[in-house]
Each structure stands twice: as structure tokens, then as C-alpha cells.
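Here's the structure, in C-alpha cells; my notes come after.
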Amino acid sequence: MAGNWKMHLDAASAAALAREVANRVSRAHHCDVAVMPAHPLLPAVARVLDGSSVGYGSQDISAEEEGAFTGEVSARMLLSLGCTYTLVGHSERRENHLETDSLVHLKTARALQAGLIPVVCVGEKLAEREAGQTLHRVETQVTTALKDLGDGISRVVLAYEPVWAIGTGLTATPAQAEEVHEFIRSVVGSLYGAAVADGMRILYGGSVKPDNAATLMAEKDVDGALVGGASLTAESFAGIVNYGD
Ligand code: PGA
């Protein structure tokens, strides 16, 4: 269960939110829990979360190792702050920063090489869904992102986030989510075999809330959630993490 804090909060409010999240999810043993603050907030969040059951990671990573890349953040920097995870290829990066499927692949490979767990985001836009291209688009994204990852594949987490459901209050129905999740698992299976596909964690993202988490998580191939807006208060994020209570 991962909370994507996007470009919200500041050092003090991020530390306070992290503390409250850690308190509220400390008894959640059914899943891993992580938050993804903006890069400059990572040290403040790390100070609070180190030693707790809540992991943390970044919202993006550079595909490059090091060098003259103004504004970029390297895997090594993230590791040195204690990050376990990094989001890769979030639709807001793809849309606003023109990230292509092949750049998403390079970032995924870079994260794995450094020992970070990439949470690789895929998902179709509304026009693609309406044109009947959902599965085709997602297949291309998954196949390109996961190309030639070798043993690292077992550490990859995927997140299916239909772009039309992000921040809109529109959630995919459990059946819509399951259709794509099952398909993604079959694509992973054709690339890396059934054992890898069965073991892959596939998160759903897009307007997940405490009151819709349980029905989404009940689907066979939905293994967790990537939460944006509802991760910005500890009460609603914990309500999602503890959906079975
Ligand atoms: P949302 O965002 O929960 O606010 O729809 C999800 C995401 O962008 O990861």
C-alpha cells in the first residue's frame, strides 16, 4: 500500500503526516506500507520513519547514474537517504514531462541496478479506453518497461492507474480493474514465466478511498493500492491500509 504525496506538504507537515501514518498502520501485517514524498522532504520523513514499519521512496528517479543533469535525482542519492522504493513512469511524469515508454524502461533498470524497488506505473487515457485500446496500450507499456530485467524482475512492483481515474473521483469498477490486472499478469507471464507473474505485486491506483478499497482489494489480481489524494491524511490512508478491519 503506497501513498503518493505528489507536490504537497513541507518538511514539518510531511514529518507530522509520516508520524501519524506510522502510528495508525503499525498493526498492519498483511501488506508492506510506504509513502512517497517529494524529494526535498525525504530527509524529514526518513528521520520519522526509520525504525518503523513504514517504508518510503521517491516519486521519480533519473535514468542516468551521475553527471551534468540539472534538477535530476540519482538512485545513489535516494539510497543514501534510506529509500526503499521509487515510483517510475507515473502518468503525471509521462504527461507533463514527456516520459516515454523507453525512458520508463531505463529508469526501471536503473532503480533495480541500484537496489531500489521500482513501482512502475502504467495505464490508459480516457480516449484510449473509449477507442477500445486499453489492453493494447497497457501491453505496450508493460512489455517495454520490463524488457530484459533479468533476475531484477522479481523485485518489480507494477501499478495499474487508468489516467481518467487519477484525481478525478472516478474509480475503475472492481471488474474493470480486475480485467486489466489479470491481463497485466498474463503479459508478465509471457515475458518471464508463470512463477514470476504469480509473485508480482500489481497495485491499483486512481481515486482509491477508504470506502472503495475493500471491494477493489477483493479482486483476485489486485494486490494493493497506490493512493494519491487520500494518502494526504493519515486517517484516510490508514483507512485504506486497514481496509479489512
Ligand atoms: P489519486 O492519485 O488517488 O488522487 O487518484 C493516484 C495516483 O496518482 O497515484
Side-chain angles (χ1 to χ4, degrees), residues 1-9 13-14 17-18 21 24-25 31-39 41-42 45 54-61 83-99 104 107-108 111 116-126 128-129 134 137-138 141-142 145 156-174 176-177 180-181 184 201-217 219 222-243:
M1 293 290 196
N4 172 10
W5 291 356
K6 307 193 180 184
M7 199 172 74
H8 293 289
L9 307 165
S13 56
L17 178 57
V21 167
R24 285 178 185 256
V25 306
C31 64
D32 292 332
V33 181
V35 295
M36 279 88 170
H39 290 138
L41 310 185
L42 281 164
V45 168
V54 179
Y56 51 91
S58 64
Q59 298 170 14
D60 186 31
I61 183 174
C83 289
T84 304
Y85 305 91
T86 179
L87 293 181
V88 178
H90 188 279
S91 63
E92 287 152 16
R93 301 289 317 170
R94 293 177 186 261
E95 185 72 17
N96 303 331
H97 300 269
L98 309 181
E99 293 197 4
V104 170
K107 291 184 172 199
T108 302
L116 290 163
I117 297 175
V119 179
V120 181
C121 305
V122 300
E124 81 287 2
K125 296 182 190 172
L126 184 58
E128 291 165 336
R129 174 160 286 263
T134 298
R137 179 72 193 109
V138 168
Q141 290 174 323
V142 170
V156 172
V157 176
L158 285 173
Y160 168 57
E161 298 203 306
V163 178
W164 48 272
I166 295 179
T168 57
L170 295 172
T171 316
T173 63
Q176 282 174 322
V180 181
H181 280 236
I184 289 173
R201 292 182 286 184
I202 309 176
L203 315 183
Y204 168 79
S207 299
V208 178
K209 306 261 168 359
D211 63 4
N212 61 24
T215 51
L216 286 161
M217 296 310 125
E219 295 295 335
V222 179
D223 303 318
L226 177 56
V227 186
S231 71
L232 290 171
T233 72
E235 185 181 7
S236 56
F237 186 54
I240 293 166
V241 171
N242 300 321
Y243 67 89

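Just follow the structure's listing: the first ligand is 1, and inside any ligand the first atom is 1.
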Do ligand 1 and [X] have nitrogen or oxygen atoms that lie under 3.5 Å from each other?
X: Ala230; result: no
X: Lys6; result: yes
X: Ile166; result: no

Partners meeting side-chain contact (heavy atoms from CB on, under 4.5 Å) with Glu219 (sequence neighbours left out):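 With sequence neighbours excluded, Glu219 shows a side-chain contact (heavy atoms from CB on, under 4.5 Å) to Pro174, Glu178, Val222, given in chain and number order.
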Residue-ligand contact [X]/ligand 1, heavy atom below 4.0 Å:
X: Lys209; result: no
X: Gly205; result: no
X: Gly206; result: yes

Quick test: of every protein heavy atom, which one is nearest to atom 7 (C) of ligand 1, and how far off is it to 0.1 Å?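 Looking at atom 7 (C) of ligand 1, the protein heavy atom closest to it is Glu161 OE2, 3.1 Å.
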Please list the nearest protein heavy atom to atom 4 (O) of ligand 1 with its residue and the distance rounded to 0.1 Å.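 For atom 4 (O) of ligand 1, the nearest protein heavy atom comes out as Gly229 N, 2.8 Å.
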Do you know which of His90, Lys107, Arg94 makes side chain to side chain donor-acceptor pair (under 3.5 Å) with Glu99?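 Answer after filtering His90, Lys107, Arg94: Lys107.
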Within a distance under 4.0 Å of any heavy atom of Ser207, pick out the atoms of ligand 1 and give their elements.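 The atoms of ligand 1 under 4.0 Å from a heavy atom of Ser207 are 1 (P), 3 (O), 5 (O).
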Numbered atoms of ligand 1 (with element) below 4.0 Å of Ala165, judged on heavy atoms: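 So the atoms of ligand 1 that pass are 5 (O).
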